Trainee: 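Sending over a structure as structure tokens; questions will come in a sec.
Numbers for residues simply follow the sequence, beginning at 1. Since the model is a prediction, treat every value here as computed from it, not as a measurement.
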Amino acid sequence: MANQMNKTIYDVIVIGAGAAGLFYAASDTLCKDCRRLILEKTDKPGQKLLMSGNGACNITHGGSIKDFIYRYGDDGSKIRTCLYRHSNLELMDFLEEGGVKLLIREDGKVFPASMKASDILELLLKKIAERGYELRLNSGVCGIFSDAHKLVTVRLSGGTELLTKKLVIATGGASYPATGSDGNFFELMERDIGINVTRLKPALAPVYVQNYPFSDIPGVSLKDVAVSSGPHSARGALLFTHKGFSGPAILHISQYVHPGSILHINFLPERNLPDVFRQLKSEQPANGRGIANYLSQSFGLPKALTEKMFADPSRKVSGIGHKELENVAHLMMDRRFSVSGTGGWNEAMVTAGGVALPEIDLKKMSLIDCPAIRIIGEALDINGDTGGYNLQFAYSSARTAHEPLQSKEIQA
């Protein structure tokens with residue numbers, strides 16, 4: 001290790017200029033003369049933030065923060081304090097006080113009123129400049145070295161070494177690798193600071209199935225379906241694409257399925273099977289409509305979908321026997337598909353897996369064995385549903401990581 005004498009010592013270095021790293025820097029309240037630095041390995045900050053919500057940036061959700069806990073799977077309760085302390089309301093106040101007007105849709109999703117993610121990025125970049133942060137682009141990190149309660153050394157890819165009292169790791173997950181979050185930093189952390197990283201898996205991704213029958217109706221969607229696989233279930237919108245299923249309900253279930261899983265789709269989640277079957281039986285006699293037209297008109301399903309559900313969509317309802325009517329009811333309420341796979345890293349919105357939570361003091365987002373290192377955002381083994389929950393955690397964890405170091409936790 002290079003001699004530390006006569007080297008500039010930074011008060012804080014942030015690795016990663018994505019949402020979490022920028023939120024951390026933008027809300028920094030260190031003294032004016034403190035030395036601050038953000039290292040970003042690509043040539044542009046906030047690339048994934050600009051992509052979020054198809055460029056509109058669903059920044060959070062407007063519901064009760066108490067309901068957020070259930071949006072992060074089994075580990076949601078572990079980040080309760082983090083979310084409560086720095087809630088969605090705090091995040092919305094932060095943005096609006098900075099000049100970004102917000103829009104809350106009927107479904108609770110919160111966007112900038114302009115529907116431009118660039119408005120949020122511009123605010124964050126303005127804030128980090130006001131806080132005195134130097135932003136170094138094209139500055140990849142190839143090593144981290146620290147003993148407990150000592151300064152942290154950060155080695156850049158070109159060989160330069162920097163010293164810091166506090167290191168904030170905001171390197172993201174492995175989704176959309178072209179934006180810089182390619183997952184390679186997890187290997188570095190395992191190698192250099194010996195922390196446990198749980199298995200990485202694409203999450204919030206499309207689901208592909210065997211013999212997919214809807215390839216010629218891309219863009220058709222349903223506002224409300226119920227999907228399940230094994231013990232896991234979700235409800236929400238569904239979108240048919242050229243290759244498979246997408247939409248919020250599918251994105252949520254994607255991390256729980258694998259090739260060979262059975263995916264159940266209920267196109268009529270507000271109804272129950274016996275009632276649907278009774279309606280079919282009562283309306284079937286002398287019904288001269290084709291089955292596709294009938295189901296579309298009577299059950300509110302897109303005609304493009306009902307036409308694809310049957311080999312002969314024009315077959316008259318009156319000519320279908322009771323046993324076949326049972327099959328029709330099941331097709332609408334429990335259509336089953338064998339999963340062939342899910343979208344990979346280039347299609348997944350977030351990463352399941354990351355730095356294992358038992359490694360982290362979640363009151364400060366610090367490594368238990370090295371409090372001078374904080375880890376935030378998607379680099380942690382926390383991922384939320386679609387709907388603004390992942391960007392909310394980026395903010396909440398970033399603000400939590402500002403909890404001050406104790407004097408015994410750092411030695412110059």
Trainee: Identify which one of Leu125, Val12, Leu37 satisfies the side chain to side chain contact (heavy atoms under 4.5 Å, CB included) criterion when paired with Tyr133.
Mentor: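 Per the side chain to side chain contact (heavy atoms under 4.5 Å, CB included) rule, the option paired with Tyr133 is Val12, out of Leu125, Val12, Leu37.
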Trainee: Looking at Lys127 and Glu122, does any basic side-chain N land under 4.0 Å from a carboxylate oxygen?
Mentor: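 Looking at Lys127 and Glu122, the cut-off is not met.
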Trainee: Has Arg374 got a side-chain atom pairing as donor or acceptor with Pro371's backbone, closer than 3.5 angstrom?
Mentor: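 Between the backbone of Pro371 and the side chain of Arg374 there is a qualifying donor-acceptor contact (under 3.5 Å).
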Trainee: Looking just at side-chain N and O atoms, do Thr60 and Asn88 make a donor-acceptor pair shorter than 3.5 Å?
Mentor: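 Judged by distance alone, the side chains do not pair up.
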Trainee: Any idea which heavy atoms bring Gln47 and Asp43 closest together, and the distance?
Mentor: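 Heavy atoms only, the tightest pair is NE2-OD1, 4.3 Å.
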Trainee: When you compare the side chain of Ile195 with that of Leu367, does any pair of heavy atoms fall below 4.5 Å?
Mentor: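 The answer is yes; the side chains approach within 4.5 Å.
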Trainee: Mind checking the NZ-CG spacing from Lys166 to Leu151? Nearest 0.5 Å is all I need.
Mentor: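 Nearest 0.5 Å value for the NZ-CG distance: 14.5 Å.
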Trainee: side-chain contact (heavy atoms from CB on, under 4.5 Å) for Phe240 and Leu305? Distances and angles first, verdict last.
Mentor: CA-CA 9 Å; Phe240 299 97; Leu305 169 61; 3.7 Å; yes
Trainee: For residues 280-287, please give each side-chain donor-acceptor pair under 3.5 Å, one per line with the distance, not counting sequence neighbours.
Mentor:
{"unit_1": "Ser282", "atom_1": "OG", "unit_2": "Arg278", "atom_2": "O", "d": "3.2"}
{"unit_1": "Ser282", "atom_1": "OG", "unit_2": "Gln279", "atom_2": "O", "d": "3.0"}
{"unit_1": "Glu283", "atom_1": "OE1", "unit_2": "Tyr294", "atom_2": "OH", "d": "2.6"}
{"unit_1": "Glu283", "atom_1": "OE2", "unit_2": "Gln279", "atom_2": "NE2", "d": "3.4"}
{"unit_1": "Gln284", "atom_1": "NE2", "unit_2": "Ser318", "atom_2": "O", "d": "3.4"}
{"unit_1": "Gln284", "atom_1": "NE2", "unit_2": "Ile320", "atom_2": "O", "d": "2.6"}
{"unit_1": "Asn287", "atom_1": "OD1", "unit_2": "Arg289", "atom_2": "N", "d": "3.1"}
{"unit_1": "Asn287", "atom_1": "ND2", "unit_2": "Glu283", "atom_2": "O", "d": "3.1"}

Trainee: Any donor-acceptor pair under 3.5 Å linking the side chain of Asp182 with the backbone of Pro177?
Mentor: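 Checking the backbone N and O of Pro177 against the side chain of Asp182, no donor-acceptor pair under 3.5 Å is found.
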Trainee: Hey, does the side chain of Glu40 reach the backbone of Ala17 with a donor-acceptor pair shorter than 3.5 angstrom?
Mentor: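 At least one qualifying donor-acceptor pair exists.
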Trainee: For Asn54, I'd like to know if atom CG has over 12 heavy atoms of other residues, nucleotides or ligands within 6.0 Å.
Mentor: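 No.
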Trainee: With a cut-off of 6.0 Å (strictly less than), are more than 12 heavy atoms of other residues, nucleotides or ligands near NZ of Lys116?
Mentor: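 It does not: Lys116 NZ has 12 such atoms or fewer within range.
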Trainee: Under 4.0 Å between a Lys/Arg side-chain N and an Asp/Glu carboxylate O for Lys308 and Asp216?
Mentor: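 Counted as a salt bridge, because a side-chain N and a carboxylate O are separated by less than 4.0 Å.
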Trainee: Search all heavy atoms of Ser146 against all heavy atoms of Cys370 and return the closest pair with its distance.
Mentor: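 Minimum heavy-atom contact is OG-SG, 3.2 Å.
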Trainee: State whether the number of non-hydrogen atoms from other residues, nucleotides or ligands found under 6.0 Å of Tyr84 atom OH is greater than 12.
Mentor: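 Result for OH/Tyr84: enclosed.
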Trainee: Would you compute the distance between atom NZ of Lys41 and atom OG1 of Thr179 and round it to the nearest 0.5 angstrom?
Mentor: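 Lys41 NZ to Thr179 OG1: 9.0 Å, rounded to 0.5 Å.
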Trainee: Do the charged groups of Arg105 and Asp107 touch, with an N to O distance under 4.0 Å?
Mentor: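 Here Arg105 pairs with Asp107 in a salt bridge, since their nearest N and O are under 4.0 Å apart.
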Trainee: I'd like to know if the side chain of Ser396 pairs up with that of Gln392 as donor and acceptor (distance under 3.5 Å, no hydrogens or angles considered).
Mentor: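 Result is yes, a qualifying pair exists.
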Trainee: Check whether any side-chain N or O of Ser229 sits under 3.5 Å from a backbone N or O of Ile262 as a donor-acceptor pair, and report yes or no.
Mentor: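 At least one qualifying donor-acceptor pair exists.
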Trainee: Heavy atoms, side chains only, cut-off 4.5 Å: are Val257 and Val207 in contact?
Mentor: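 With C-beta onward as the side chain, the pair touches.
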Trainee: For the residue pair Phe299 and Phe267, is the inter-centroid distance of their aromatic rings smaller than 6.0 Å?
Mentor: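 No - the distance between ring centres of Phe299 and Phe267 does not fall below the 6.0 Å cut-off.
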Trainee: Where do Phe186 and Leu200 come nearest, in terms of heavy atoms and distance?
Mentor: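 In this case the closest contact between Phe186 and Leu200 is CD1-CD1, 3.6 Å.
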Trainee: Could you walk me through whether Met92 and Ile104 pass side-chain contact (heavy atoms from CB on, under 4.5 Å), step by step?
Mentor: CA-CA 10 Å; Met92 288 189 281; Ile104 304 179; 4.3 Å; yes
Trainee: Is a donor on one side and an acceptor on the other found under 3.5 Å between the side chain of Ser233 and the backbone of Ser228?
Mentor: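 Absent.
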Trainee: Using a 3.5 Å distance criterion without hydrogens, assess whether the side chain of Ser157 forms a donor-acceptor pair with backbone atoms of Gly140.
Mentor: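 Present.
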Trainee: Return the CG to CZ distance between Leu188 and Arg155, rounded to the nearest 0.5 Å.
Mentor: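 Here the interatomic distance stands at 10.5 Å.
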Trainee: Under a 3.5 Å distance rule, please check whether Ser254 uses its side chain to pair with a backbone N or O of Leu251 as donor and acceptor.
Mentor: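 Indeed, once roles are kept as given, a pair shorter than 3.5 Å links the two residues.
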Trainee: Would Leu39 and Val14 satisfy side-chain contact (heavy atoms from CB on, under 4.5 Å), going step by step from the backbone distance to the final call?
Mentor: CA-CA 6 Å; Leu39 299 170; Val14 180; over 6 Å; no
Trainee: Does any N or O in the side chain of Tyr72 come within less than 3.5 Å of the main-chain N or O of Tyr389, such that one atom is a donor and the other an acceptor?
Mentor: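 Yes, Tyr72 side chain to Tyr389 backbone: donor-acceptor pair under 3.5 Å.
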Trainee: Please tell me whether Phe214 and Tyr212 form a close aromatic pair, meaning their ring centres lie under 6.0 Å apart.
Mentor: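 Phe214 vs Tyr212: aromatic centres under 6.0 Å.
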Trainee: Looking only at the side chains, is there a donor atom on one of Ser27 and His402 sitting less than 3.5 Å from an acceptor on the other?
Mentor: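 On atom types as modelled, these side chains qualify, holding a pair under 3.5 Å.
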Trainee: Which pair of non-hydrogen atoms, one from Ile375 and one from Leu380, has the smallest distance, and what is that distance?
Mentor: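 Looking at all heavy atoms of both residues, the shortest contact is O-CD1, 3.4 Å.
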Trainee: For residues Ile169 and Phe185, determine if any side-chain heavy atom of one lies less than 4.5 Å from a side-chain heavy atom of the other.
Mentor: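 Contact flag for Ile169/Phe185 side chains = yes.
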Trainee: Closest heavy-atom contact between Ala26 and Leu124?
Mentor: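 Closest approach of Ala26 to Leu124: CB-CD2, 3.8 Å.
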Trainee: Is the count of non-hydrogen atoms from other residues, nucleotides or ligands lying under 6.0 Å from Asn211 atom CG greater than 12?
Mentor: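 Incorrect, the count does not exceed 12.
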Trainee: Taking NZ, NE, NH1 and NH2 as the nitrogens, is one of them in Asp11 or Arg36 under 4.0 Å from a carboxylate oxygen of the other?
Mentor: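 Arg36 and Asp11: not salt-bridged.
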Trainee: Decide yes or no for Ile144 and Val152: does some side-chain heavy atom of the first lie under 4.5 Å from some side-chain heavy atom of the second?
Mentor: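 A side-chain contact under 4.5 Å exists here.
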Trainee: If we count only N and O atoms by modelled type, under 3.5 Å, do the side chains of Glu90 and Tyr395 hold a donor and an acceptor together?
Mentor: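 Short answer, yes.
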Trainee: Before accepting this row, confirm whether a basic side-chain N of the pair Asp28/Arg131 lies closer than 4.0 Å to the acidic partner's carboxylate O.
Mentor: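 A salt bridge is absent here (no side-chain N lies under 4.0 Å from a carboxylate O).
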Trainee: Find out whether Ile59 and Phe111 are in side-chain contact, i.e. whether some heavy atom of one side chain is under 4.5 Å from a heavy atom of the other.
Mentor: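 Ile59 does not reach Phe111 side chain to side chain.
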Trainee: Would you say the side-chain atoms of Glu359 pair up with the backbone N or O of Asn196, donor to acceptor, closer than 3.5 Å?
Mentor: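 Yes; judged by distance alone, with no hydrogens or angles, the pair exists.
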Trainee: Can you tell me if Thr351 and Glu378 form a side-chain donor-acceptor pair at under 3.5 Å?
Mentor: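 On atom types as modelled, these side chains qualify, holding a pair under 3.5 Å.
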Trainee: What pair of heavy atoms forms the shortest contact from Val220 to Leu239, and how long is it?
Mentor: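 The answer is O-CD1, 3.6 Å.
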Trainee: Supply the atom-to-atom distance Leu331 CG to Glu324 CD, rounded to the nearest 0.5 angstrom.
Mentor: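 Going from CG on Leu331 over to CD on Glu324, the span is 11.0 Å.
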Trainee: Taking atom types as modelled and ignoring hydrogens, do the side chains of Asp75 and Ser77 form a donor-acceptor contact shorter than 3.5 angstrom?
Mentor: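 No.
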Trainee: Check whether any side-chain heavy atom of His330 lies under 4.5 Å from a side-chain heavy atom of Leu273, and answer yes or no.
Mentor: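 They are in side-chain contact.
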Trainee: Is there any salt bridge (charged side-chain N to carboxylate O under 4.0 Å, His left out) pair reaching into residues 12-22, and which pairs are they, with sequence neighbours excluded?
Mentor: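 Salt bridge (charged side-chain N to carboxylate O under 4.0 Å, His left out) check on residues 12-22 returns no pairs.
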Trainee: Could you tell me whether His232 atom NE2 has more than 12 heavy atoms of other residues or ligands within 6.0 Å of it?
Mentor: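 Atom NE2 in His232 is packed in, count exceeds 12.
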Trainee: Heavy atoms, side chains only, cut-off 4.5 Å: are Asn58 and Leu391 in contact?
Mentor: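 They are not in side-chain contact.
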Trainee: Kindly compute the distance separating CD1 (Ile360) from CD1 (Ile373), expressed to the nearest 0.5 Å.
Mentor: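 The distance works out to 9.5 Å.
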Trainee: Taking Leu156's backbone N and O only, do any of them form a donor-acceptor pair with Thr160's side chain (distance below 3.5 Å, no angle check)?
Mentor: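 Judged by distance alone, no pair lies under 3.5 Å.
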Trainee: Could you check whether any side-chain heavy atom of Met332 comes within less than 4.5 Å of a side-chain heavy atom of Leu295, counting everything from C-beta outward?
Mentor: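 Contact flag for Met332/Leu295 side chains = yes.
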Trainee: With no hydrogens and no angle check, just 3.5 Å: does a side-chain donor-acceptor pair link Gln255 and Asn383?
Mentor: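 Note: Gln255 and Asn383 side chains meet the donor-acceptor criterion.
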Trainee: Are side-chain N/O atoms of Lys48 and Ser175 paired as donor and acceptor at under 3.5 Å?
Mentor: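 Distance-only check passes for Lys48 and Ser175.
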Trainee: Report the distance from atom OG1 of Thr241 to atom OH of Tyr208, rounding to the nearest 0.5 Å.
Mentor: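 So the gap between those two atoms works out to 6.0 Å.
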